[in-house]
2 protein chains.
Amino acid sequence: MEVPRTTQNEAETPPRGSRAWQRRQRVAHILAAAEAVFAETGFEGASMSALAAASGLPKANLHYYFGTKEALYTALLDSILDLWLSATDSIRPENDPAEALAAYVRAKMHWSRTRPFASKVFANEVLHGAPYLGSYLAGELRSLVREKSRVLEGWIAAGRMEPVDPPHLFFAIWAMTQTYADFEAQIRAVLDRPELTAQDHAQGTETVLRLVLKGCGLRFKAAASMGASMGE
Amino acid sequence: MEVPRTTQNEAETPPRGSRAWQRRQRVAHILAAAEAVFAETGFEGASMSALAAASGLPKANLHYYFGTKEALYTALLDSILDLWLSATDSIRPENDPAEALAAYVRAKMHWSRTRPFASKVFANEVLHGAPYLGSYLAGELRSLVREKSRVLEGWIAAGRMEPVDPPHLFFAIWAMTQTYADFEAQIRAVLDRPELTAQDHAQGTETVLRLVLKGCGLRFKAAASMGASMGE
DNA sequence: AACAAGATTGACCGATTGGTCAGCTTTCTC
DNA sequence: GAGAAAGCTGACCAATCGGTCAATCTTGTT
């Protein structure tokens, strides 16, 4: 069930217009279309014909590029994982705790707004027991959390923030930020919006920042109020 | 696509051992088995034969009781919804904000621990755009949030808590608490556990309480530390 | 005891699923 | 420009899908 992570994304780009370059273009195009389909219907709910229709290609063409539906799915997961790991750069011992955590929350919220489908595909995978991502979660992600937790513990020991359990703080941040992508249907319904606005996301970011920063005993400056998020 | 909510769950219980009583028993038994299957594989991923196998009944028997897979699914959703609405009782104007919010968080965390499958079924439904729950979200849930938001606004106006945007505070609480059910696979992997322990949940509850209460400018008393949640 | 209503289920159905493949076209290489 | 390699796709496949139904068994009523 577990999939070994490839490193294809780190290979250098082939010359523009070449055969290999065109292949990458098409693969990327298929993956982009598949992201939306998998996000909306899940792995089992996404049929190869639906994936083909979404990319505007015949079904047999998808099989030519990826072999199986599973391979297409894991290739997509692989391309999504980089996003997960990239946002923690700000959390380094020499940085200011408040600024570092704020930057992390903002990065996660930004990712929720700009790549909601990627977030949903990831969420769906984990929700169903992470059959393909299990080894990644127990490997790279666990290492990352361990490393960043040590940074937080350093700040706590130095009295620069209050003693919050670092892994659980990460779980809370992930949950609060990604909920704006994963559970967007619920948030939209409650706020009575056809779709979430930039202001909704700003209000969300502000609220998450408030909880995280004050929860860690750090300074938090409220932005100028834009009014209540629900009418009447 | 939308499903009208039934009120079957409010009818009185028929005499024990009677025909109607036995029918309810079987329906409840099927729903309990279906909850696990739908939670683990989603609506599309759960086949009628898998649902039949999980309940130990022939497939045709499920169709006898529920007619279609969709009807079985919506009946399950309906039984889950009551849980969602029941935990907000503590949020009333005359209560203490800190105690009320803490009780709410604790209730949600408790539900995540004891009914993880129900949480996952709900999460899966919303994740895929809430095709069956849309009307409920825009109806009962929106009304509930409006009502409870007014309570929080009252507390804010009275200076009993800081000005947190009430709907977004609810989104944050829902996300942080249900993540222990919905994304349990991820949390388990990061914490390196075969399964989440009571202590993990206690640590999680403590962290969520800290963020919510301090985020609202309310008093928070840390429980005695039980040690770091990650080894090393 | 007789009958009706409810409960049960193996066998079957058309539709759709993921996947294959032969045969065609396009592009690159020499 | 000839041959090889890569790209492409309509037609097809076995397996599985959700759902149906006639036949049988069980239970409650009289």
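Proteins come first, then strands; the chains are lettered A, B, ... in the order of their sequence lines, and each starts at number 1.
- Both A/Ala46 and B/Pro58 sit near DNA chain C, but only B/Pro58 has its closest nucleotide nearer the 5' end.
- For the OP1/OP2 pair of D/dG7 and a distance below 4.0 Å, the side-chain nitrogens and oxygens of A/Arg26 include no atom meeting the criterion.
- Contact record, B/Gln178 with B/Ser112: CA-OG, 3.3 Å, taken as the closest heavy-atom pair.
- Taking atom CD on A/Glu44 and atom P on C/dT16, their separation rounds to 19 Å, with Å as the unit.
- Distance alone, capped at 3.5 Å, is enough to place a donor-acceptor pair between the B/Arg142 side chain and the A/Ala189 backbone.
- Contact annotation: A/Thr68 side-chain N/O to C/dG18 OP1/OP2 distance is not under 4.0 Å.
- For the pair B/Leu62 CG and C/dG10 P, the interatomic distance rounds to 13 Å; values are reported in whole Å.
- Atom CD in B/Gln22 sits about 15 Å away from atom P in C/dG6, given to the nearest Å.
- Note on A/Arg23: a side-chain N or O is less than 4.0 Å away from OP1 or OP2 of D/dG7.
- In this structure, A/Tyr73 places its OH atom 19 Å from P of C/dT17, rounding to the nearest Å.
- Of all nucleotides listed (D/dT9, C/dT8, C/dG18), C/dG18 comes nearest to the side chain of A/His63.
- Between the P atom of D/dG18 and the CZ atom of B/Phe66 lies a distance of 15 Å, rounded to the nearest Å.
- Between B/Tyr64 and the phosphate of D/dG19, there is no side-chain N or O to OP1/OP2 separation shorter than 4.0 Å.
- The aromatic rings of A/Phe170 and A/Trp174 sit tilted, their planes meeting at an angle between 30° and 60°.
- No hydrogens or angles were tested; on distance alone, a donor-acceptor pair under 3.5 Å links the side chain of B/Lys59 to the base of D/dG19.
- Applying the 4.0 Å criterion to OP1 and OP2 of C/dT16, one finds that A/Ser47 has every side-chain N and O outside that range.
- Both cation-pi conditions hold for B/Lys69 and B/Phe43: the charged atom is under 6.0 angstrom from the six-membered ring centre and inside a 45 degree cone around its axis.
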